[in-house]
Amino acid sequence: MDKAKRAAVIAGNWKMNKTQAEAKTLIEGLIPAVKDADCTVIICTPFTDLALAVEMTKGTNIHVGAQNCHFKESGAYTGEIAANMLTEIGVEYVILGHSERRQYFAETDETVNLRAKAALAAGLKPIVCVGETLDEREAGQMETVIVRQTEGALKDFTAEELSRTIIAYEPVWAIGTGKTATAEQANEVCALIRATVAKLFSQQAADALTIQYGGSMNPKNCDELVAQYDVDGGLIGGAALKPDDFAAIVKAASK
Ligand code: PEP
């Protein structure tokens, strides 16, 4: 399958930003700004904004995602949210294994895998993040880390589950730092992820998989990044909070 046949996906990761009142204003700005998109558009909001986001985006081309979910269906897990709590209110996607979750909340390859399996079982589409730190890259460990995280996240997946999954390559050193991977670096690692998936499943499954790049993507660098053969859109942090910037990235992915 060639790039043109894969689904390009632009997902905004709002992180811990926007009260409901602020979210309302942002979504009001986003709806007209991305209405002509020829790619999939997702906003991943804080839990408290999800119901509002689902309500406000009904009848538009914007899909709604969460930023995490737990792997148990219910129980004594104070502070956690189960996958079916998300699907019940109309959430379709969930970001899992973001480097901030791995760094600050002890997320591991194993818990990312458990959360992804639970998300899929509940009908959510996971956006699984993988990425190396600067130390790992400089120590020549990028490949080992990416393969380990990819294999770990997809452990025990069926081909059908893979077909509902998106992977986001997010080099930790490029997230929120203003440092972007070069288009060549982004493409190289997305291709590595695709090759890893081909070994685990099949070339056909790997060719159909949407693999995003994330890390300081903005209106200036998005054209070159999303044009890369193995880069199928982006996971966007800071620029997702500005309708014009987000819309420019969506437009680049729509070409
Ligand atoms: C992210 O948080 O997933 C991200 C890519 O952030 P930023 O675009 O701000 O680097």
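FYI, the numbering just counts along the sequence from 1. Counting starts at 1 for both ligands and their atoms, following the listed order.
- When non-hydrogen atoms are compared, ligand 1 lies under 4.0 Å from the backbone of A174 (N, CA, C, O) but not from its side chain.
- Residue-to-ligand polar distances place S216 within reach of ligand 1: an N/O pair is separated by less than 3.5 Å.
- Protein heavy atom nearest atom 9 (O) of ligand 1, with residue, atom name and distance: G238 N, 2.9 Å.
- Taking 4.5 Å as the limit, every side-chain heavy atom of P46 sits out of range of all side-chain heavy atoms of M16.
- With hydrogens left out, the protein atom closest to atom 1 (C) of ligand 1 is H98 NE2, 3.2 Å, a heavy atom.
- Of all protein heavy atoms, the one closest to atom 4 (C) of ligand 1 is G237 N, 3.6 Å.
- The nearest protein atom to atom 5 (C) of ligand 1, hydrogens excluded, is given as E170 OE2, 3.1 Å; this is a heavy-atom distance.
- D244 meets the side chain to side chain contact (heavy atoms under 4.5 Å, CB included) test with no other residue; sequence neighbours excluded.
- Between N13 and ligand 1, at least one N/O pair is under 3.5 Å apart.
- Under the side chain to side chain contact (heavy atoms under 4.5 Å, CB included) criterion, A168 pairs with I127, C129, E170, Q212, L235, not counting sequence neighbours.
- Residues L241 and L26 have side chains in contact (heavy-atom distance under 4.5 Å, counting atoms from C-beta outward).
- Proximity of Y213 to V189: side-chain heavy atoms (C-beta onward) are nowhere separated by under 4.5 Å.
- Here's the thing with G176: one of its N/O atoms is less than 3.5 angstrom from an N/O atom of ligand 1.
- H63 places none of its side-chain heavy atoms less than 4.5 Å from the side chain of K125.
- The parts of I175 lying near ligand 1 are both backbone and side chain, judged by heavy-atom distances below 4.0 Å.
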